[in-house]
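Contents: one structure, followed by commentary.
Note: hydrogens, waters and symmetry copies are ignored here, and every other heavy atom, side chains too, is used.
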Amino acid sequence: TAVIDESKDPFERLFLRLSETAFATFNAYGYHVPMLFLFNEKYQIVDFVSTKTIDQADKYIFWRNAAERAIMLQAKGFVWISELWLRGLTNNRFFHEKAIKNLPITGEKLQVIAADINNMILEVSWDIKRDNMNNPTLIKCKSEPDKVGKRYFMRPILKAIGADYSHLNS
């Protein structure tokens, strides 16, 4: 395990600790269940929720409920850990006729995202590569902010913690 620099601000330390734990958990078990941590103004974890969503409606309901919990607990930020599938088009000009769930899977990632009331957003992700026996390996992704899409799912919880979410209004 890496040594966390205690001179870093508490938000970054919390993010780094949970990122390191996510990486170790995935390497130990070959998967990671989605986890949401809410924290207070002292960057202490005040709540933890896990989920298993089936479809986009489930995801919408989960994030609305998470936002309500954040308001109730007066959370000042969150850390979200999840695996995700990348989906894309493969020479299909009728993409507008397909639901996202019907697009082909083009990759997998393990992702950790943290955001706080001060509009700080930290992220790390790893590509999940599988060998011919389906054994997963994590490969850290290069940071490419211009290639990261808008995370509309975060809008309710960003609003709930009092962070700026105006970039998600379009």
Side-chain angles (χ1 to χ4, degrees), residues 1-87 100-101 108-128 138 140-141 143-145 147-170:
T1 63
V3 175
I4 307 286
D5 182 353
E6 292 301 321
S7 68
K8 294 189 182 296
D9 72 85
F11 175 61
E12 191 171 353
R13 286 196 314 261
L14 176 63
F15 169 76
L16 291 171
R17 282 193 175 101
L18 289 174
S19 297
E20 184 179 274
T21 302
F23 181 84
T25 300
F26 187 93
N27 280 333
Y29 299 102
Y31 67 95
H32 202 298
V33 296
M35 297 179 167
L36 176 68
F37 298 86
L38 300 176
F39 56 84
N40 64 18
E41 66 279 348
K42 294 180 181 176
Y43 297 92
Q44 298 165 325
I45 295 171
V46 295
D47 198 18
F48 161 77
V49 182
S50 185
T51 185
K52 182 177 182 180
T53 57
I54 297 171
D55 57 22
Q56 288 174 293
D58 273 357
K59 291 176 187 174
Y60 176 81
I61 292 166
F62 171 79
W63 284 104
R64 297 298 305 173
N65 288 338
E68 289 176 19
R69 289 188 69 79
I71 291 168
M72 181 185 72
L73 295 167
Q74 299 177 351
K76 303 302 181 205
F78 66 91
V79 178
W80 171 243
I81 302 169
S82 70
E83 287 186 48
L84 58 100
W85 284 336
L86 303 175
R87 293 183 180 269
I100 291 171
K101 69 180 182 179
E108 297 176 85
K109 288 186 184 290
L110 174 64
Q111 181 178 60
V112 181
I113 301 174
D116 74 359
I117 193 170
N118 300 314
N119 301 315
M120 291 290 300
I121 296 179
L122 299 174
E123 175 191 351
V124 65
S125 59
W126 297 269
D127 284 324
I128 300 170
L138 292 177
K140 190 168 184 182
C141 297
S143 179
E144 297 184 58
K147 290 192 176 184
V148 175
K150 291 187 177 184
R151 295 182 189 87
Y152 292 105
F153 72 90
M154 289 179 11
R155 188 179 190 279
I157 198 162
L158 287 171
K159 182 178 180 182
I161 65 172
D164 178 29
Y165 58 91
S166 62
H167 62 287
L168 298 175
N169 285 341
S170 61

- Does any N or O in the side chain of Asn118 come within less than 3.5 Å of the main-chain N or O of Met120, such that one atom is a donor and the other an acceptor? no
- Query: So which of Phe78, Tyr43, Phe48 actually passes ring-ring contact (aromatic ring centres under 6.0 Å, His included) with Phe37?
  - Reply: Phe48
- Would Glu83 and Leu110 satisfy side chain to side chain contact (heavy atoms under 4.5 Å, CB included), going step by step from the backbone distance to the final call? CA-CA 4 Å; Glu83 287 186 48; Leu110 174 64; 4.2 Å; yes
- For Lys159, does the NZ atom have more than 12 heavy-atom neighbours from other residues, nucleotides or ligands under 6.0 Å away? no
- If you draw a 6.0 Å radius around CD in Glu41, do more than 12 non-hydrogen atoms from other residues or ligands fall strictly inside? yes
- Side chains of Ile45 and Val79 in contact at under 4.5 Å (non-hydrogen atoms): no
- Query: Rounded to the nearest 0.5 Å, what separation is found between the CD1 atom of Ile117 and the CZ atom of Phe39?
  - Reply: 10.0 Å
- Query: Asn119 side chain to Asp164 main-chain N or O, any donor-acceptor pair under 3.5 Å?
  - Reply: yes
- Task: Dump the intermediate steps for side chain to side chain contact (heavy atoms under 4.5 Å, CB included) on Ile113 and Phe153, then the final yes or no.
- Result: CA-CA 12 Å; Ile113 301 174; Phe153 72 90; 4.3 Å; yes
- Report the C-alpha distance between Ile121 and Met154 in whole Å, list the side-chain angles of each, state the deciding distance to 0.1 Å, and finish with yes or no for side chain to side chain contact (heavy atoms under 4.5 Å, CB included). CA-CA 11 Å; Ile121 296 179; Met154 289 179 11; 4.2 Å; yes
- Does Ile157 reach the side chain of Leu36, with side-chain heavy atoms less than 4.5 Å apart? yes
- Heavy-atom nearest pair, Pro34 first then Trp80, reads CB-CH2, 3.5 Å
- For Phe23, what residues pass the side-chain contact (heavy atoms from CB on, under 4.5 Å) criterion, not counting sequence neighbours? Asn27, Trp126, Leu138
- Shortest non-hydrogen contact from Phe26 toward His32: CD1-N, 3.9 Å
- Query: Which pair of heavy atoms, one from Trp85 and one from Glu108, lies closest together, and at what distance?
  - Reply: CD1-CG, 3.6 Å
- Item | Contacts of Asn40 that satisfy side-chain contact (heavy atoms from CB on, under 4.5 Å) - sequence neighbours left out | Lys42, Gln44, Val46
Please list every donor-acceptor pair under 3.5 Å in which a side-chain atom of residues 59-72 meets a protein atom from a residue at least two apart or in another chain.
{"from": "Asn65", "atom 1": "ND2", "to": "Ile61", "atom 2": "O", "distance (Å)": "3.4"}
{"from": "Arg69", "atom 1": "NE", "to": "Asp47", "atom 2": "OD2", "distance (Å)": "2.6"}
{"from": "Arg69", "atom 1": "NH2", "to": "Asp47", "atom 2": "OD1", "distance (Å)": "3.2"}
{"from": "Arg69", "atom 1": "NH2", "to": "Asp47", "atom 2": "OD2", "distance (Å)": "2.7"}

- Apply side chain to side chain contact (heavy atoms under 4.5 Å, CB included) to the pair Lys140 and Val124, showing each step before the final yes or no. CA-CA 8 Å; Lys140 190 168 184 182; Val124 65; 3.6 Å; yes
- Query: Any side-chain heavy atom of Asp127 within less than 4.5 Å of one from Lys109?
  - Reply: yes
- Distance (rounded to the nearest 0.5 Å) between Asp58 CG and Thr51 OG1: 7.0 Å
- Query: Between Asp116 and Lys76, is any pair of side-chain heavy atoms under 4.5 Å apart?
  - Reply: no
- Item | Rounded distance [0.5 Å steps], CG in Leu158 versus NE2 in His167 | 6.0 Å
